[in-house]
Asks: 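Sharing a structure below in structure tokens format, with a few things to ask.
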Amino acid sequence: MDVLLASAFTVVYLLVTLRLCKGLRLTAKNLCLGGIMCAATLVLRTILITLPNGSHISLMAMLPLLLLSLVYDPRLAFVSGWITGVLACFLLAGWQPIHWAQFPMEHLICFSALGYAGLWGIDSKKKVMAGSALAIGLSVLSHILAGGVFFGQFAWEGYGPWAYSIIANLTGHGVEGLITWILIGFMPLKHMKKAIQRR
């Protein structure tokens, strides 16, 4: 049942996100921006703080794709997130899938979900914070689902796979997401958007 529910979430997510990408044109500018943000995400993901429970907090690796969505185009952030997820399998230590279904459930969602940050625009602080919360929440949820379904064998003694996954991912990716979310609230997004549009 756990696998079916997680799989259903993955399929619905991918179908909805693919539909939201409609109309995206991969211009030279889009390819350059997407490539830079993919690279920045992967580099930041290698700089880790290891917690006592074995979880990790990276150096704001969520930020590049969040910014791409908020100040440029959520559709480009979705596609860049998918590419980042594929590259992570080959370039990041410890990110190799242990099951074929883990790849779409975790790798294709955890990065591309950050594209949802700009879905409602940046007209107001409430929209920015709500969109960023949705994006970060979906990203962390993908890690929790993958952890509960595929990494139960790593659960601490006395913990079930879901309790282990929830605690491990909330203390790692969840804390990182919270710090990133707070940081987004202080960033001059409208000025950044104007600067990118002028180029």
Side-chain angles (χ1 to χ4, degrees), residues 1-24 26 34 37-38 41-42 45 55-58 61-66 68-70 73-120 130-155 159-178 180-181:
M1 182 62 72
D2 292 341
V3 176
L4 287 177
L5 289 175
S7 298
F9 168 79
T10 301
V11 170
V12 170
Y13 169 88
L14 292 175
L15 289 174
V16 170
T17 307
L18 191 61
R19 184 174 179 82
L20 290 173
C21 289
K22 187 177 179 180
L24 175 65
L26 294 178
M37 292 310 187
C38 283
T41 300
L42 291 169
R45 185 67 76 173
S55 300
H56 304 283
I57 299 175
S58 72
M62 295 181 180
L63 192 58
L65 291 172
L66 281 172
L68 183 62
S69 177
L70 288 163
D73 190 337
R75 298 171 300 176
L76 182 59
F78 291 139
V79 174
S80 299
W82 284 328
I83 294 170
T84 304
V86 172
L87 292 175
C89 292
F90 304 99
L91 301 177
L92 296 183
W95 274 72
Q96 290 74 21
I98 63 170
H99 189 280
W100 68 267
Q102 181 204 344
F103 177 75
M105 189 178 296
E106 183 176 24
H107 288 246
L108 292 185
I109 297 180
C110 70
F111 295 110
S112 67
L114 300 172
Y116 279 89
L119 208 58
W120 297 310
S132 298
L134 172 63
I136 292 168
L138 286 171
S139 179
V140 174
L141 178 60
S142 74
H143 287 295
I144 291 173
L145 289 175
V149 173
F150 300 110
F151 295 98
Q153 68 270 26
F154 299 112
Y159 287 81
W162 287 104
Y164 159 73
S165 181
I166 290 170
I167 295 171
N169 284 294
L170 286 182
T171 55
H173 299 297
V175 170
E176 177 188 339
L178 178 61
T180 305
W181 183 74

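When reading the values below, keep in mind they use all heavy atoms of this one structure, side chains included, and skip hydrogens, waters and symmetry mates.
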Asks: So, taking the atom named CD1 in I109 and the one named CG in L145, what distance separates them when rounded to the nearest 0.5 Å?
Replies: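 The CD1 atom of I109 sits 7.5 Å away from the CG atom of L145.
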
Asks: Is a side-chain donor or acceptor of W120 paired with a backbone partner of G131 at a separation under 3.5 angstrom?
Replies: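 Answer holds: no.
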
Asks: For A155 versus G160, what's the shortest heavy-atom pair and its separation?
Replies: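 In terms of heavy atoms, the two residues are closest at CB-O, 4.0 Å.
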
Asks: Distance-only, no hydrogens or angles: does the E106 side chain make a donor-acceptor pair with backbone N or O of S142 under 3.5 Å?
Replies: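 Side chain of E106 to backbone of S142: no pair is present.
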
Asks: Run the side chain to side chain contact (heavy atoms under 4.5 Å, CB included) test on L119 and L20 for me, step by step, so that the C-alpha distance in whole Å, both residues' side-chain angles and the decisive distance to 0.1 Å come before the verdict.
Replies: CA-CA 9 Å; L119 208 58; L20 290 173; 4.1 Å; yes

Asks: Please report the interatomic distance NE2(H143) to CG(L170), rounded to the nearest 0.5 Å.
Replies: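 So the gap between those two atoms works out to 11.5 Å.
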
Asks: Please report the interatomic distance CG(L65) to OG1(T180), rounded to the nearest 0.5 Å.
Replies: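 Taking CG in L65 and OG1 in T180, the distance rounds to 11.5 Å.
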
Asks: So, for G34 and L76, which heavy atoms are closest and what is the spacing to 0.1 Å?
Replies: N-CD2, 4.2 Å

Asks: Kindly say whether F78 contributes a backbone atom to a donor-acceptor pair with the side chain of S112 at under 3.5 angstrom?
Replies: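 Absent.
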
Asks: Can you tell me how far CD of E176 sits from CG of L63, rounded to the nearest 0.5 angstrom?
Replies: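 Reported to 0.5 Å precision, the distance equals 9.5 Å.
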
Asks: Locate the shortest heavy-atom distance separating A117 from L70; write the atom from each residue and the value.
Replies: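 So the two residues come closest at O-CD2, 3.3 Å.
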
Asks: Would you compute the distance between atom CG of L66 and atom CG of L114 and round it to the nearest 0.5 angstrom?
Replies: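 So the gap between those two atoms works out to 4.5 Å.
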
Asks: Just do the side chain to side chain contact (heavy atoms under 4.5 Å, CB included) check on F111 and R45 with the steps written out, would you?
Replies: CA-CA 11 Å; F111 295 110; R45 185 67 76 173; 3.5 Å; yes

Asks: Examine the side chains of Y116 and S132 and answer whether a donor and an acceptor come within less than 3.5 Å of each other.
Replies: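 Short answer, no.
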
Asks: Search all heavy atoms of S139 against all heavy atoms of A113 and return the closest pair with its distance.
Replies: N-CB, 3.7 Å

Asks: If you look at every heavy atom in V149 and A6, which pair is closest and at what distance?
Replies: CG2-CB, 4.0 Å

Asks: Do T41 side-chain atoms and M37 backbone N/O form a donor-acceptor pair below 3.5 Å?
Replies: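 Indeed, once roles are kept as given, a pair shorter than 3.5 Å links the two residues.
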
Asks: Are the side chain of Q102 and the backbone of F150 linked by a donor-acceptor contact shorter than 3.5 Å?
Replies: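 Judged by distance alone, no pair lies under 3.5 Å.
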
Asks: R75 side chain to K22 main-chain N or O, any donor-acceptor pair under 3.5 Å?
Replies: yes

Asks: Would you say that D73 contacts L68 through its side chain, given a criterion of any heavy-atom pair below 4.5 Å between the two side chains?
Replies: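 The answer is no, as the side chains (C-beta and beyond) never meet within the 4.5 Å cut-off.
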
Asks: I'd like to know if the side chain of T171 and the backbone of A168 have a donor-acceptor N/O pair within less than 3.5 Å.
Replies: yes

